[in-house]
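Reviewing the structure listed below.
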Amino acid sequence: MRVGGPADRCVVARDTEELIAAVVRADRDGTPVLLVGGGSNLLVADEGFPGTAIRVASVGFAVESADPCSGVTVRAAAGHDWDDLVRHAVEQGWAGIEALSGIPGTVGSTPIQNVGAYGQEVAQTIARVHTWDRAEGRVCSFAASECGFAYRDSLFKGTDRYVVLEVTFQLDLAGLSRPIVYADLAHELGVNVGERLPSAQVRQAVLAQRRDKGMVLDPADHDTWSCGSFFTNPVLTVAEHAGLSQRAEAVLGPGVTPPGYPAPDGLVKTSAAWLIERAGFAKGYGQPGPAALSGKHTLAVTNRGHAKAADVIALARVVRDGVRDTFGVELTNEPVLVGLSL
């Protein structure tokens, strides 16, 4: 976002041992800790952070096992660049994360909010998450079934107890992608939902779609100066979605129905972008700024070059309140807010 003030102290942890030592030292001293991976999903207050920011810069990954039947097991350091791992997987013929191409940030960040896009999420391929338990002062690991993965959520989100050290992935040994389940991506690739294509072809299509939406960083393009999607897609009960549909028809006219997609536990996921746009916030709303919605994607709150964190959060509040007043749905922020609240 290119906003926010400095931390009182910054430490760079270049391997797992340095990361644990930095956290232990700060905890021993009673100093607040902010863990930073790529920083792409952080919105920090203009006043900065009153504590120690620890930059997770551990890199590298290793193949632990490979078998045509069970696939390949890859263990990656928390600070390793996520898209570098995806690119390498595609080049090696490891399938399962190709649709997650172009997502900024680091490997260790992905399990925290169960990163997902274009019909894939890391919960589908994570085998174990290796952490430092700050409460018990020991290394512990969690099998995927123990991680509490849900839509943009996990055991690790909303708590500062666990520091992700490494993540182990179980990927397919296949030149073809996993089945394509995202309709827009299938359409761009000219295939039906459920078909498979060479993973490299899927990766390029995903990167192209992300660029079209301003979701691949370009320092010269303020539409990309964002945290990506600022709001998560609301997950509603069937009754809540029916109520939303009635309200949408009352506001927008007969026959106008909000999107609804099946979600776990009998719930219904709808589109935050659809709600935002139909509540009166079109692409580019708020331009010339200092903060405005992206001209390419209504879900992205952007810095037009001279915004402060206060400007960004103020615009996000306007959008959230507008959607709530129009449709009765409360949007939830996706980026982590540090020293700020929506």
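Note: hydrogens, waters and symmetry copies are ignored here, and every other heavy atom, side chains too, is used.
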What pair of heavy atoms forms the shortest contact from Leu299 to Ala272, and how long is it?
CD2-CB, 3.6 Å
Is it true that Arg203 and Glu98 make a salt bridge, defined as a side-chain N closer than 4.0 Å to a carboxylate O?
no
Can you check whether Ala99's main-chain N or O pairs, donor with acceptor, with Gln120's side chain at less than 3.5 Å?
yes
Quick one: SG on Cys140 to CG on Asp133, what's the gap to the nearest 0.5 Å?
4.5 Å
Side chain to side chain contact (heavy atoms under 4.5 Å, CB included) between Ile276 and Tyr285, intermediate numbers included
CA-CA 10 Å; Ile276 290 169; Tyr285 176 87; over 6 Å; no
Note: Arg134-Asp27 ion pair, threshold 4.0 Å (strictly below)
yes
How about Trp82 and Phe169: are their ring centroids closer than 6.0 Å?
yes
Does Ser154 reach the main-chain N or O of Pro111 with its side chain, forming a donor-acceptor pair under 3.5 Å?
yes
Value rounded to 0.5 Å, distance of OG1 in Thr31 from CG in Asp8
9.0 Å
Where is the tightest heavy-atom contact between Gly286 and Ala292, given as atom of each residue plus distance?
C-CB, 3.5 Å
Any idea which heavy atoms bring Val44 and Gly5 closest together, and the distance?
CG1-O, 4.1 Å
Does a side-chain heavy-atom distance below 4.5 Å link Val301 with Leu293?
yes
Glu188 side chain near Gln209 side chain, heavy-atom distance below 4.5 Å
yes
Would you say Val164 ends up clustered with Leu155 if hydrophobic residues are merged whenever their side chains have heavy atoms under 4.5 Å apart, either directly or through other cluster members?
yes
Verdict with reasoning, Leu267 to Leu236, per side chain to side chain contact (heavy atoms under 4.5 Å, CB included)
CA-CA 6 Å; Leu267 300 175; Leu236 311 173; over 6 Å; no
Hey, does Leu43 have a side-chain heavy atom less than 4.5 Å from the side chain of Val336?
no
Straight-line distance of Arg247 CZ to Glu240 CD, nearest 0.5 Å
12.5 Å
Output for pair (Leu34 CG, Arg55 CZ), nearest 0.5 Å, gives 11.5 Å
Nearest heavy-atom contact between Ala45 and Gly339 is CB-O, 3.5 Å
Would you call the rings of Phe327 and Trp274 parallel, tilted or perpendicular if under 30° counts as parallel and over 60° as perpendicular?
tilted
Assess whether a salt bridge exists between Arg161 and Glu136, defined as any Lys/Arg side-chain N lying under 4.0 Å from an Asp/Glu carboxylate O.
yes
Could you go step by step and tell me if Thr106 and Asp81 meet the side chain to side chain contact (heavy atoms under 4.5 Å, CB included) rule?
CA-CA 5 Å; Thr106 56; Asp81 180 78; 5.8 Å; no
Which ILVMFWY residues are connected to Val191, directly or by a chain of links, through side-chain heavy atoms under 4.5 Å apart?
Tyr118, Ile180, Tyr182, Leu185, Leu189, Leu197, Val202, Val206
Ser65 and Thr73: side-chain hydrogen bond (donor to acceptor under 3.5 Å, both in side chains), yes or no, with the steps?
CA-CA 5 Å; Ser65 65; Thr73 303; 3.1 Å; yes
In a check of salt bridge (Lys or Arg N to Asp or Glu O under 4.0 Å) between Lys296 and each of Asp221, Asp218, Asp212, which one passes?
Asp221
Thr125 and Gln170: side chain to side chain contact (heavy atoms under 4.5 Å, CB included), yes or no, with the steps?
CA-CA 5 Å; Thr125 52; Gln170 188 74 36; 5.9 Å; no
For a 4.5 angstrom cut-off between non-hydrogen side-chain atoms, does Val268 reach Tyr261?
no
Taking Gln246's backbone N and O only, do any of them form a donor-acceptor pair with Glu249's side chain (distance below 3.5 Å, no angle check)?
no
Any donor-acceptor pair under 3.5 Å linking the side-chain atoms of Asp84 with those of His80?
yes
Roughly how far, to the nearest 0.5 Å, is CG of Asp29 from CZ of Arg25?
8.0 Å
I'd like to know if the side chain of Thr298 reaches the main chain of Glu277, judged simply by a donor and an acceptor atom lying under 3.5 Å from each other, with no hydrogens or angles considered.
no
Is a donor on one side and an acceptor on the other found under 3.5 Å between the side chain of Arg152 and the backbone of Gly116?
yes
Does any part of the side chain of Asn114, heavy atoms only, come nearer than 4.5 Å to the side chain of Asp153, both counted from C-beta?
no
For the atom pair OG1 (Thr232) and CD (Glu334), what is the distance rounded to the nearest 0.5 Å?
6.5 Å
Do Ser109 and Val115 have side chains that approach each other closer than 4.5 Å (heavy atoms only, starting at C-beta)?
no
For Val122 and Thr110, work out which heavy atoms get closest and say how close.
CG2-O, 3.4 Å
Could you pull out every donor-acceptor pair under 3.5 Å between side chains of residues 303-322 and any protein atom, sequence neighbours left out?
{"from": "Asn303", "atom 1": "OD1", "to": "Gly305", "atom 2": "N", "distance (Å)": "2.8"}
{"from": "Asn303", "atom 1": "OD1", "to": "His306", "atom 2": "N", "distance (Å)": "3.3"}
{"from": "Asn303", "atom 1": "OD1", "to": "Ala307", "atom 2": "N", "distance (Å)": "2.9"}
{"from": "Asn303", "atom 1": "ND2", "to": "Met1", "atom 2": "O", "distance (Å)": "2.9"}
{"from": "Arg304", "atom 1": "NH1", "to": "Asp223", "atom 2": "OD1", "distance (Å)": "2.9"}
{"from": "Arg304", "atom 1": "NH1", "to": "Thr302", "atom 2": "OG1", "distance (Å)": "2.8"}
{"from": "Arg304", "atom 1": "NH2", "to": "Asp223", "atom 2": "OD1", "distance (Å)": "3.3"}
{"from": "Asp311", "atom 1": "OD2", "to": "Lys308", "atom 2": "N", "distance (Å)": "2.9"}
{"from": "Arg317", "atom 1": "NE", "to": "Leu342", "atom 2": "O", "distance (Å)": "3.4"}
{"from": "Arg317", "atom 1": "NH2", "to": "Ser341", "atom 2": "O", "distance (Å)": "2.8"}
{"from": "Arg320", "atom 1": "NH1", "to": "Leu342", "atom 2": "O", "distance (Å)": "2.5"}
{"from": "Arg320", "atom 1": "NH2", "to": "Leu342", "atom 2": "O", "distance (Å)": "3.2"}
{"from": "Asp321", "atom 1": "OD1", "to": "Arg324", "atom 2": "NH2", "distance (Å)": "3.0"}

Taking every heavy atom of Gly102 against every heavy atom of Asp83, the minimum-distance pair comes out as N-OD1, 2.7 Å
Are there over 12 heavy-atom neighbours, none belonging to Arg14, within less than 6.0 Å of that residue's CZ?
no
Is there side-chain contact between Arg178 and Asp172, with heavy atoms separated by less than 4.5 Å?
yes
Donor + acceptor pair across side chains of His130, Thr168 (<3.5 Å):
yes
Would you check if Arg75 and Arg128 make a side-chain contact, meaning some heavy-atom pair closer than 4.5 Å?
no
Aromatic ring centroids of Phe142 and Tyr162 under 6.0 Å?
yes
